[in-house]
Amino acid sequence: MKAQNLNQIAICAQQQLLTNPNPQLLNPLLSRLTNSKNAFFHLYNQMLSHPFSHNHYTFTHALKACSSHHAHSKALEIHARLIKSGHYVDIFIQNSLLYSYLARNDVVAASNLFRSIPSPDVVSWTSLISGLAKSGFEAQALQHFSEMNSEPRIVEPNAATLVGALCACSSLKTLRLGKSVHAYGVRMIANVNVVFDNAVLDLYAKSGSLKYAKNLFDKMSVRDVITWTTLLMGYARGGYCEEAFGVFNRMVQSAEAEPNEATVVTVLSACASIGALSLGQWVHSYIDSRQDLVVDGNIGNALLNMYVKCGDMQVGLRVFDMIEHKDIISWGTVISGLAMNGYGKRTLELFCRMLVEGVEPDDVTFIGVLSACSHAGLVSEGVMFFKAMKDFYGIVPQMRHYGCVVDMYGRAGLFDEAEAFLRSMPVEAEWPIWGALLRACKIHGNEKMSEWIKGHLRGKRVGVGTLALLSNMYASSQRWDDANKIRKTIRGTGVKKVAGCSWLELELYNNRSDSNYRAQ
DNA sequence: ATAGGGTTAG
C-alpha cells in the first residue's frame, strides 16, 4: 500500500518532469519521497540536472533527507554545492545545514557554521540550543540560550527554544534555571502547548521533584502518550516502582493515551527492578492484547529482562525464543540470567547456540559464561573460555572476568591454580576477589592459603566484608587476639553496615552472620 | 521549506 503510494508519487514526478519541470510543483513531490532514500535521490538528481527545475526549497528537503538517512557525505557534497552556487546566503539553507551537522552530533562544525550565519533567526538559535543539549553539551546549550536572551535582544525565543533549554536543564538537573524557563514560558506561550508542558514535566521528573511533576500532570489540560510515559519514568527512576506501575495501570484504564513501546519498556524495567513478577505478567498480557506491539526488539528484551530479574527462567526462555531478531543484548540477558539463576549447564548450552548462530560474544557475555562455569564447577571449560575470550575474541579481561576465574578455582579447591592465576594477573586483584578466595579457603580448610592472602591484605585498605570474614576466621581458629584486632579496625572504619557494596561483599557479610549464628 | 517532548536492557 505504502510502496504503491511512493510509486505513484514517483510516476507523478516523472510526468511533471516531462511536461512542466517546475520546482513549485516538484518540491512537494520530492518532500513526500523523504522516507525512501533511493526514490528521493533519484528525483533530486533529475531535478538538479535541469537548472530551472530546482530552487532553494529543493536543498532544504535534500538536507533533511540526508539527516534521516545518515547520508553524511551527501550532506557535505550539498554544502559545497550551495556555497559554489550562491544559495548559501539564504537563511533557510543556513538553518538546514546547521541542523544537518547537529543531527550527526558534529558540534564543532555546527558551532563554526552558526558563527558564520550573519543574522541567525529563532530557528538557527533553537537548532543550535537543542542540538547541543541532545549531544551532551548541555552547558554550552544553556550558554547560547543566555547569550540569546542578553541585551540587546535581537531574536526572541519561542516555545521551541524554551523546550531546547528545558532539555538541557533536565539532563543537568538544574532545577532553578529550569523553573525560571518554565515561568517564562507560562507568561509567553499563549495557547496550550503539550510539547512544552512535557519538557517541563520531564525536568521535574528527572530532577526527582515528583510532587511538582504530579502536580503539573494533574493540571495539564492536554496529555498525550509522552506525558504519561514521562511521569511513569519519573517514578521508576526515583525508585517508586509500584507507583510507576500504578501510572501505567491508570493510563490503560483511562484510555486517555495509548501506551507505546517506550511506555511498555519503561514499566517493564520498573517491574524488573523490584522483582514484581505478577505486575510484569500483567504488562505481558497487555502487550499480547495489542496487535501492534510485538515481542521483539526493545520490547522483547525488556520483557525477557523482567522474567530473568523475577527469576522465572522458564517463561524467560520462552520469551527469548519468541524474539525474532535476537541481538547481543537478548543473548547477554538470557545467558547471564541463566547463570544468575543457577543454571550452569544451560548457560553453556545457550552460549554454544549463540556461537552456532554466528553472534559474536562480547565482554558481558563472558561474565555470564565464566560465572556459570564457576558455579557449576566446570573448571576446564572455564579456563578454555577465558583463554578463547582473550586470544580468539581479543577481549581484554576486566576485574569481573578475573574475579570469576579466581572464584572458580577457589570453589573447586584448586588453590595452587588460584594463586598462580592471581600472580599472573597484569593488575592487582580488588578486594572482593580476595574475599571470595578467603571464603573458599575457609570452606576447604586451607590454612596455608589463608595466611598468604592475609599477608597480601596486611596494611591495605580492606572492604568491611573482607575484614569481617577475616575476623571470623581468626575467631573460628580460637585466635581471639587477632580477631579482636580486626573487629576494632572494623569499628574504626565507622561503617555500621555494608552500604553500596557489591553483591559479592554482601554475600560475604551474610556469610559472617551465618557462621556467628552457627557458633552460638 | 528550516527548529521543539518521553524509553530499556545483559
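Order of the sequence lines sets the chain letters (A, B, ...), proteins ahead of strands, with each chain counted from 1. A quick note: this is a predicted structure, and the numbers were derived from the prediction, not measured.
Among the protein residues, A:T126 comes within range of the nucleic acid bases, having at least one heavy atom under 4.0 Å from a base atom. Using a 4.0 Å heavy-atom distance criterion, A:S31 is classed as making no nucleic acid contact. Note on A:T60: a base of the nucleic acid sits closer than 4.0 angstrom, heavy atoms only. Here A:S330 lies out of heavy-atom contact (under 4.0 Å) with every strand. Using a 4.0 Å heavy-atom cutoff across all strands shown, A:I328 reaches at least one base atom of the nucleic acid. Among the atoms of the strands shown, only primed sugar atoms or phosphate atoms (P, OP1, OP2) are found under 4.0 Å from some heavy atom of A:D202. A:S127 comes within 4.0 angstrom of sugar-phosphate atoms only, judged by non-hydrogen atoms across all strands, and of no base. Across all strands, A:V225 comes closer than 4.0 Å to base atoms (heavy-atom distances). Among the heavy atoms of the strands, none lies under 4.0 Å from A:D363. Across all strands, A:V200 comes closer than 4.0 Å to no nucleic acid atom at all (heavy-atom distances). Within 4.0 Å (heavy atoms only), A:K206 reaches sugar-phosphate atoms of the nucleic acid but no base atom. Contact annotation for A:A302: no contact, since no heavy-atom pair falls under 4.0 Å across all strands. Within the 4.0 angstrom heavy-atom criterion, base atoms lie near A:F92. Among the protein residues, A:N158 comes within range of the nucleic acid bases, having at least one heavy atom under 4.0 Å from a base atom.
Side chains of A:N149 and A:S146: no donor on one and acceptor on the other come within 3.5 Å.
For A:K64, a side-chain nitrogen or oxygen approaches OP1 or OP2 of B:dT2 to under 4.0 Å. At B:dA9, none of the side-chain N or O atoms of A:K309 fall inside 4.0 Å of OP1 or OP2 (strictly under the cut-off). Residue A:R237 has no polar side-chain atom (N or O) positioned under 4.0 Å from OP1 or OP2 of B:dG6.
Taking the side chain of A:A262 as heavy atoms from C-beta on, and the options B:dT2, B:dG4, B:dT7, the nearest nucleotide is B:dT7. If you check B:dT7, B:dG4, B:dG6 against the side chain of A:N260, the one that comes closest is B:dG6. Here B:dT2 is the nucleotide among B:dG4, B:dT2, B:dG10 with the atom lying nearest to any side-chain atom of A:S96. Residue A:Y99 has its side chain nearest to B:dA3 when only B:dA3, B:dA1, B:dG10 are considered. Looking at the side chain of A:I329, the nearest of the listed nucleotides B:dA9, B:dA1, B:dT8 is B:dA9. For A:Y57, whose side chain is taken as the heavy atoms from C-beta onward, the closest listed nucleotide among B:dT7, B:dA1, B:dG10 is B:dA1. Each of B:dG4, B:dG10, B:dA1 was ranked by its minimum atom distance to the side chain of A:D362; first place goes to B:dG10. Comparing B:dA1, B:dG6, B:dA3 by their closest approach to the side chain of A:T230 singles out B:dG6.
Annotation: A:W228 is in aromatic contact with A:F217 [ring centroid separation under 6.0 Å]. Two rings, from A:W125 and A:F114, have their centers less than 6.0 Å apart. You'll find the ring centres of A:Y235 and A:F245 outside the 6.0 Å limit.
The aromatic rings of A:F386 and A:Y402 sit tilted, their planes meeting at an angle between 30° and 60°. Ring geometry for A:H79 versus A:Y88: interplanar angle under 30°, hence parallel rather than tilted (30 to 60°).
Put simply, CG on A:D90 is 13 Å from P on B:dA1, counting in whole angstrom units.
Side-chain to base pairing of A:S336 with B:dG10: no donor and acceptor N or O lie closer than 3.5 Å to each other.
Crowding of A:R153 atom CZ: a count of heavy atoms from other residues, nucleotides or ligands under 6.0 Å exceeding 12.
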